[in-house]
Protein chains: 2
Amino acid sequence: MPTNLSDKTVGRLSLYRRLLNSLAKSQGNYLFSHDLAAAASVTATQVRRDVMAVGYAGSPIKGYDVTELAECIGRFIDGQEQQAVSLVGVGNLGRAILAYFTGRRPNLNVVAAFDRDPHRVNRVIHGCRCYPVEMIEETITRQAIRTAIIAVPATEAQPVATRLVRSGIRGILNFAPTPLRVAPNVYVEEMDLTASLEKVAFFARQQSQT
Amino acid sequence: MPTNLSDKTVGRLSLYRRLLNSLAKSQGNYLFSHDLAAAASVTATQVRRDVMAVGYAGSPIKGYDVTELAECIGRFIDGQEQQAVSLVGVGNLGRAILAYFTGRRPNLNVVAAFDRDPHRVNRVIHGCRCYPVEMIEETITRQAIRTAIIAVPATEAQPVATRLVRSGIRGILNFAPTPLRVAPNVYVEEMDLTASLEKVAFFARQQSQT
DNA sequence: TAGATTGTTAATCGATTAACAATC
DNA sequence: TAGATTGTTAATCGATTAACAATC
């Protein structure tokens with residue numbers, strides 16, 4: 001119902017859902033906001049605010065029904081039907097991403113992978129069919145795929161992104177170490193491993209000096 | 001010199017440095033703030049603010065000297081000596097991370113990897129020696145490593161993090177899909193691939209509906 | 001009821017953006 | 001000089017946090 005959810009809120013909701021599923025086993029079927037907050041490393045108020053955003057109401061005595069809340073978040077994030085994902089770049093990182101997501105989210109499947117290397121195409125890798133990059137437009141349009149993961153070298157990321165958007169992609173998870181410029185109606189999440197590791201190294205150094 | 005740099009600022013600086021190195025080849029040796037801004041997908045004011053933070057001064061006529069600025073940022077982020085990194089978890093994702101960082105940053109090397117699986121230990125993978133997890137404390141303490149990457153299953157992430165911090169680790173890049181709770185003097189960067197992909201899928205769905 | 005939690009509003013905090021005098 | 005950019009301050013924006021009445 002709330003149409004404008006922030007980036008961060010959606011990320012936290014995704015995390016809550018997973019935590020709920022694992023907490024339900026160890027703890028009971030009811031949780032208070034501070035239980036969930038502790039598991040997610042956020043504040044209890046933040047949890048209340050986020051849960052409120054999906055329109056689920058807890059009880060002041062019992063707290064939140066774990067099963068119902070998880071389902072409610074699921075309906076909210078996943079929508080009605082299954083969502084197909086495509087992957088461009090089946091190198092070391094691309095294959096690891098494929099393996100990572102295989103069977104992890106039932107409603108979120110990588111159904112098509114693309115690569116330039118002739119040795120990788122026309123094979124099934126981690127249960128996903130790998131096509132040549134020339135077939136990006138045709139495959140994505142035909143299967144009406146809206147989400148893509150980019151795991152190609154930095155120099156190729158922008159042209160690939162442009163082709164993807166032209167084919168109908170509206171959300172991109174970008175592992176290439178360069179920012180993408182796309183139309184404003186396309187959501188891009190940058191996963192810059194180099195920048196992240198440098199940040200960690202920087203603050204680690206700073207901490208150990210004090 | 002500026003002691004309190006924000007998380008995001010350091011990340012952008014890391015990006016600028018890489019962009020500068022590649023821009024220097026295609027463009028000249030001087031760049032204006034809006035050139036760098038366009039490449040990094042931020043505003044020119046943001047670039048000026050960030051550059052100012054590392055203490056480098058540009059010229060109103062020439063702009064920024066690409067080589068000098070890149071070196072200045074490098075000195076700032078990397079510090080004086082090389083920085084060693086450790087990796088825990090040499091599964092699909094761990095190996096891809098190893099391959100990714102090998103030779104990419106000269107000052108940032110993964111020098112020790114750890115795994116529970118006897119088939120993976122005591123081997124050299126992508127140029128990095130792999131030890132059994134029992135040797136975490138000894139190895140990290142002896143080599144005075146301050147930075148670590150966690151790529152183990154969610155259930156093992158917290159105990160691994162605790163051991164790492166006890167051994168002297170002060171910065172963690174966490175790929176395990178669960179938030180870590182550590183002492184406040186330890187910097188943790190969460191890399192939650194599942195949450196990121198769900199975010200992308202969510203906004204892609206929302207965009208294509210409008 | 002008393003107590004702890006809930007949904008929700010108000011205050012705070014920090015980062016981003018806009019604006020402008022100083023500079024070459 | 002005129003012009004475009006710089007460093008830097010002030011205004012804006014948004015998210016987080018704190019506070020509180022309502023609820024079981």
Side-chain angles (χ1 to χ4, degrees), chain A residues 1-16 20 23 27-66 68-69 72-73 76 179 184 187 190 195 199 203, chain B residues 1-16 20 23 27-66 68-69 72-73 76 179 184 187 190 195 199 203:
Chain A
M1 202 58 73
T3 171
N4 279 346
L5 273 209
S6 89
D7 182 8
K8 296 183 179 180
T9 305
V10 176
R12 282 192 302 260
L13 286 173
S14 159
L15 178 61
Y16 296 158
L20 282 171
L23 285 173
Q27 320 232 10
N29 201 39
Y30 284 94
L31 285 180
F32 294 126
S33 55
H34 56 250
D35 297 327
L36 200 49
S41 290
V42 297
T43 64
T45 310
Q46 187 66 267
V47 169
R48 296 210 297 274
R49 220 182 63 93
D50 292 338
V51 168
M52 208 184 69
V54 297
Y56 186 75
S59 141
I61 285 195
K62 294 189 190 170
Y64 300 100
D65 183 309
V66 170
E68 284 185 8
L69 179 55
C72 192
I73 295 176
F76 194 79
Y187 178 85
E190 305 283 352
K199 267 159 65 174
F203 287 110
Chain B
M1 205 59 74
T3 171
N4 279 346
L5 273 210
S6 90
D7 183 9
K8 296 185 180 178
T9 304
V10 176
R12 283 192 300 260
L13 287 172
S14 159
L15 178 61
Y16 297 158
L20 282 171
L23 285 173
Q27 320 232 9
N29 201 39
Y30 284 93
L31 286 180
F32 293 127
S33 54
H34 56 250
D35 297 326
L36 201 48
S41 291
V42 296
T43 64
T45 311
Q46 187 66 269
V47 168
R48 296 210 297 276
R49 220 182 63 94
D50 292 338
V51 168
M52 207 184 70
V54 298
Y56 186 75
S59 142
I61 285 195
K62 293 189 191 171
Y64 300 101
D65 183 309
V66 170
E68 285 186 8
L69 179 54
C72 192
I73 295 176
F76 194 79
Y187 178 86
E190 305 283 352
K199 268 159 65 175
F203 287 110

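Chain naming here is simple, since letters A, B, ... match the order of the sequence lines and numbering starts at 1 in each.
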**Residues that A:S41 engages under side-chain hydrogen bond (donor to acceptor under 3.5 Å, both in side chains), provided they are two or more places apart** = none
**Fill in**
Pairing string of DNA chain C (Watson-Crick or G-U wobble, both atom distances under 3.5 Å; | = paired to other strand) is ..||||||||||||||||||||||
**Test log, rule side chain to side chain contact (heavy atoms under 4.5 Å, CB included), inputs B:V10 and A:F203** = CA-CA 9 Å; B:V10 176; A:F203 287 110; 3.9 Å; yes
**Request:** Could you state the atom-to-atom distance from CG of A:D35 to C1' of C:dT6 in whole Å?
**Result:** 14 Å
**Request:** Send over the distance from A:H34 NE2 to D:dT17 P, rounded to a whole Å.
**Result:** 17 Å
**Prompt:** Can you tell me how far CZ of B:F76 sits from CG of B:L5, rounded to the nearest 0.5 angstrom?
**Reply:** 4.0 Å
**Request:** Could you walk me through whether A:L31 and A:L69 pass side chain to side chain contact (heavy atoms under 4.5 Å, CB included), step by step?
**Result:** CA-CA 10 Å; A:L31 285 180; A:L69 179 55; over 6 Å; no
**Prompt:** Roughly how many Å is it from CZ in B:R48 to P in C:dA21, rounded to a whole number?
**Reply:** 15 Å
**Asked** Starting at OH of B:Y30 and ending at P of D:dT6, how long is that distance when rounded to a whole Å?
**Response** 13 Å
**Asked** Considering all heavy atoms of both residues, which atom of A:A195 and which atom of B:G11 are nearest to each other, and what is their separation?
**Response** CB-O, 4.0 Å
**Asked** So which heavy atom on B:P179 is nearest to which on A:A40, and how close?
**Response** CG-O, 3.7 Å
**Request:** For A:F32 and C:dG7, give me the distance from atom CZ to atom C1', rounded to whole Å.
**Result:** 15 Å
**Prompt:** Where along residues 57-66 of chain A does a heavy atom come under 4.0 Å from DNA chain D, residue by residue in number order?
**Reply:** A:P60, A:I61
**Message:** Run A:Y30 and A:V66 through side chain to side chain contact (heavy atoms under 4.5 Å, CB included) and show every step you take.
**Reply:** CA-CA 6 Å; A:Y30 284 94; A:V66 170; 5.8 Å; no
**Message:** Measure CG/B:L31 against C1'/D:dA4 and give the value in whole Å, please.
**Reply:** 16 Å
**Request:** Under 4.0 Å between any heavy atoms, over every strand shown, what does A:Y56 touch: base, sugar-phosphate, or nothing? Just pick one.
**Result:** sugar-phosphate
**Item:** Distance, rounded to the nearest Å, where A:M52 contributes CE and D:dA22 contributes P
**Value:** 17 Å
**Minimum heavy-atom distance A:V47-A:V42, with the two atoms named** = CG2-CG2, 3.7 Å
**Complete:** Here the salt bridge (Lys or Arg N to Asp or Glu O under 4.0 Å) pairs for residues 49-61 of chain B, sequence neighbours left out, are B:R12-B:D50
**Prompt:** What integer distance in Å separates B:D50:CG from D:dT6:C1'?
**Reply:** 15 Å
**Complete:** 5' to 3', nucleotides 10-16 of chain D under a 4.0 Å protein heavy-atom cut-off (B base, S sugar-phosphate only, - none) gives -----SB
**Message:** One pair to check against side chain to side chain contact (heavy atoms under 4.5 Å, CB included): A:L23 and A:D35. What are the steps and the verdict?
**Reply:** CA-CA 9 Å; A:L23 285 173; A:D35 297 327; 5.6 Å; no
**Request:** Could you list all the ring pair (Phe, Tyr, Trp, His ring centres under 6.0 Å) pairs where at least one residue sits in residues 33-59 of chain B, not counting sequence neighbours?
**Result:** B:F32-B:H34
